[in-house]
Structures are given as structure tokens and as C-alpha cells.
Peer 1: 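Here's a structure for you.
Residue numbers begin at 1 in each chain, while the letters A, B, ... track the order of the sequences.
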Amino acid sequence: GEDVEQSLFLSVREGDSSVINCTYTDSSSTYLYWYKQEPGAGLQLLTYIFSNMDMKQDQRLTVLLNKKDKHLSLRIADTQTGDSAIYFCAETSPGYALNFGKGTSLLVTP
Amino acid sequence: DGGITQSPKYLFRKEGQNVTLSCEQNLNHDAMYWYRQDPGQGLRLIYYSQIVNDFQKGDIAEGYSVSREKKESFPLTVTSAQKNPTAFYLCASSMESVIAKNIQYFGAGTRLSVL
């Protein structure tokens with residue numbers, strides 16, 4: 001299928017905000033997701049947003065959705081060293097599988 | 001403790017050998033999935049199953065086979081036809097309903113290497 005696009009790398013200082021961007025492909029996707037992967041581990045769901053919403057906030061996480069541009073972003077406030085990981089954007093696709101981006105590696109420096 | 005268990009964590013394959021990766025879930029989920037992860041490539045879908053005794057090929061099914069004889073189990077066999085099997089393999093499951101929002105839950109993964 002078509003590619004979900006993400007930038008590959010982001011570096012921020014501890015305490016700053018991080019913004020990870022994603023461009024998805026299917027305007028009919030019902031849900032869009034953000035997953036986190038720590039080294040050598042599986043994926044952990046961070047948050048998701050329903051396609052009829054513009055924004056969702058969950059503690060330090062804010063998701064923004066621009067359906068017109070098929071753009072999704074994840075903002076992490078007060079980024080900590082424990083937030084260093086790979087972050088994947090994903091969209092629903094036919095058959096209930098998910099279509100994932102290649103992931104953004106977030107490095108948080110002290 | 002509910003979840004998805006993948007075993008083994010590390011697996012080595014010799015030339016010409018078939019190997020089987022295990023995936024078990026006790027979440028009572030209907031759907032199960034296998035993904036392959038290569039560095040810088042994200043996750044690519046190998047096979048998925050929405051119900052017992054039925055499964056569908058994903059984007060990169062060649063050289064792999066699966067079975068779904070029980071709801072809780074979805075083993076993946078990497079056959080000798082898969083010429084580049086070195087990767088991190090992830091199993092996932094989800095409940096098939098609108099309420100469940102198709103949220104997929106992942107196991108911890110199996111890292112397969114070729115000797």
C-alpha cells in the first residue's frame with residue numbers, strides 16, 4: 001500500500017516539548033494511532049484519535065489531526081529522557097490491519 | 001495477567017531450515033497479526049487472521065506460513081523459501097468490534113537471525 005510518512009529522527013532537550021509529525025494516506029481511516037517502541041521491545045499504544053476529532057489531549061500528550069491535509073502530529077510536553085524511543089504513526093486499513101509509518105526516533109538529551 | 005506472549009525471544013536459523021515462532025494471547029481477541037520489522041523500514045504485515053481457521057496474506061507473505069487452529073494461538077513458520085529472514089517479528093491481536101477501535105496489542109517480539 002501507500003506509505004505513511006514520518007520524519008526519521010528528532011532530538012530535543014529534556015524539559016522541552018517534542019512534536020512528531022505524520023502524513024497518512026487514507027482519508028477514510030476511522031482511527032489514527034500513535035505507538036511507542038522502546039529498544040528491543042514490542043509496540044505500546046500511546047494514544048489514538050477518532051477521525052471526526054481535531055484534537056485530543058491526554059496528560060502530557062496532545063494529538064492534532066488535520067483531515068484536509070491528512071496530517072497528524074503528536075506533541076509531548078516536558079519531554080523526559082524516558083521518552084526516548086521510536087514513535088510510530090498508524091492508520092486503519094482494510095481487513096483491520098494497521099498501516100504503519102517507518103517510525104520517528106526521538107532522542108532526549110539532558 | 002492478560003497479554004500476548006511471543007516465544008522464543010531470540011531464534012537462530014540454519015540454511016534450509018524451517019523455524020516456527022510462537023504467539024499466544026489470553027485477551028479473548030478474535031483477530032491476530034504478524035508483522036516484520038527491519039531497521040528503518042517500519043512494520044510490514046506478513047499475515048493476519050480475523051477468525052479461527054481463516055487467515056489472509058499481508059504485504060510480504062512469501063516464504064512464510066501460518067495456522068489458526070485455536071483462537072488464542074497464531075504461530076508463524078519461516079520457511080527455507082524466505083531468503084532474508086533476519087528481522088524482528090512482532091505478533092499483535094485486536095478485538096473485532098467498532099467499540100474496540102481496532103486497537104492492536106503487541107507482544108514483546110522475537111528476533112530471528114541466520115547462522
Side-chain angles (χ1 to χ4, degrees), chain A residues 1-10 20-26 28-53 56 58 63 65 72 85-106, chain B residues 3-7 9-10 21 23 25 27 29-51 54-61 74 87-113:
Chain A
E2 292 183 56
D3 290 344
V4 173
E5 300 285 346
Q6 297 180 241
S7 53
L8 292 182
F9 188 73
L10 176 66
I20 302 171
N21 294 301
C22 168
T23 302
Y24 62 97
T25 65
D26 188 351
S28 66
S29 288
T30 312
Y31 290 97
L32 295 142
Y33 311 84
W34 285 103
Y35 281 85
K36 176 183 180 182
Q37 184 181 35
E38 296 183 357
L43 273 66
Q44 169 196 354
L45 178 71
L46 279 180
T47 187
Y48 63 90
I49 187 167
F50 189 48
S51 57
N52 69 351
M53 298 170 65
K56 180 179 180 182
D58 184 359
V63 178
L65 175 60
L72 183 73
I86 302 176
Y87 291 80
F88 290 93
C89 164
E91 60 180 355
T92 48
S93 68
Y96 289 90
L98 297 182
N99 189 20
F100 286 86
K102 289 182 168 55
T104 299
S105 292
L106 174 65
Chain B
I4 301 175
T5 302
Q6 289 188 243
S7 62
K9 190 170 175 65
Y10 299 97
L21 285 61
C23 179
Q25 54 100 358
L27 300 167
H29 285 170
D30 296 305
M32 297 186 74
Y33 314 82
W34 275 105
Y35 294 92
R36 170 177 170 144
Q37 186 178 21
D38 296 280
Q41 290 297 315
L43 275 71
R44 292 183 289 169
L45 182 67
I46 305 172
Y47 270 98
Y48 65 98
S49 167
Q50 293 177 276
I51 196 168
D54 187 50
F55 47 83
Q56 307 295 327
K57 291 182 180 180
D59 300 320
I60 56 164
F74 191 40
F88 191 49
Y89 291 85
L90 288 161
C91 178
S93 71
S94 67
M95 185 175 294
E96 292 233 317
S97 73
V98 173
I99 295 173
K101 307 174 183 66
N102 193 29
I103 292 173
Q104 293 190 13
Y105 297 87
F106 284 80
T110 293
R111 188 165 297 282
L112 175 62
S113 302

Peer 1: Give the minimum heavy-atom separation between B:Q104 and A:Y35, together with the two atoms involved.
Peer 2: O-OH, 2.7 Å

Peer 1: Relative to chain A, which segment of B:Q6 carries a heavy atom at a distance below 4.5 Å: side chain, backbone, both, or neither?
Peer 2: neither

Peer 1: With side-chain contact (heavy atoms from CB on, under 4.5 Å) as the test, would you mind laying out the steps for B:I103 and A:Y48 before giving the verdict?
Peer 2: CA-CA 9 Å; B:I103 292 173; A:Y48 63 90; 3.8 Å; yes

Peer 1: Is B:L90 in contact with chain A via its backbone, its side chain, both, or neither, using a 4.5 Å heavy-atom distance?
Peer 2: side chain

Peer 1: Considering residues at least two apart in sequence or located in another chain, which fulfil the salt bridge (charged side-chain N to carboxylate O under 4.0 Å, His left out) criterion with A:E5?
Peer 2: none

Peer 1: Applying side-chain contact (heavy atoms from CB on, under 4.5 Å) to A:Q37 and B:F88, what does each step give before you reach the verdict?
Peer 2: CA-CA 12 Å; A:Q37 184 181 35; B:F88 191 49; 3.7 Å; yes

Peer 1: Step by step, work out the side-chain contact (heavy atoms from CB on, under 4.5 Å) result for B:L43 and A:L43.
Peer 2: CA-CA 10 Å; B:L43 275 71; A:L43 273 66; 4.0 Å; yes

Peer 1: Distance check, rounded to the nearest 0.5 Å: A:K102 atom NZ versus B:D38 atom CG?
Peer 2: 11.0 Å

Peer 1: B:Q37 versus A:F100: any side-chain heavy-atom pair under 4.5 Å?
Peer 2: no

Peer 1: B:R111: which residues meet the salt bridge (charged side-chain N to carboxylate O under 4.0 Å, His left out) condition with it, sequence neighbours left out?
Peer 2: none

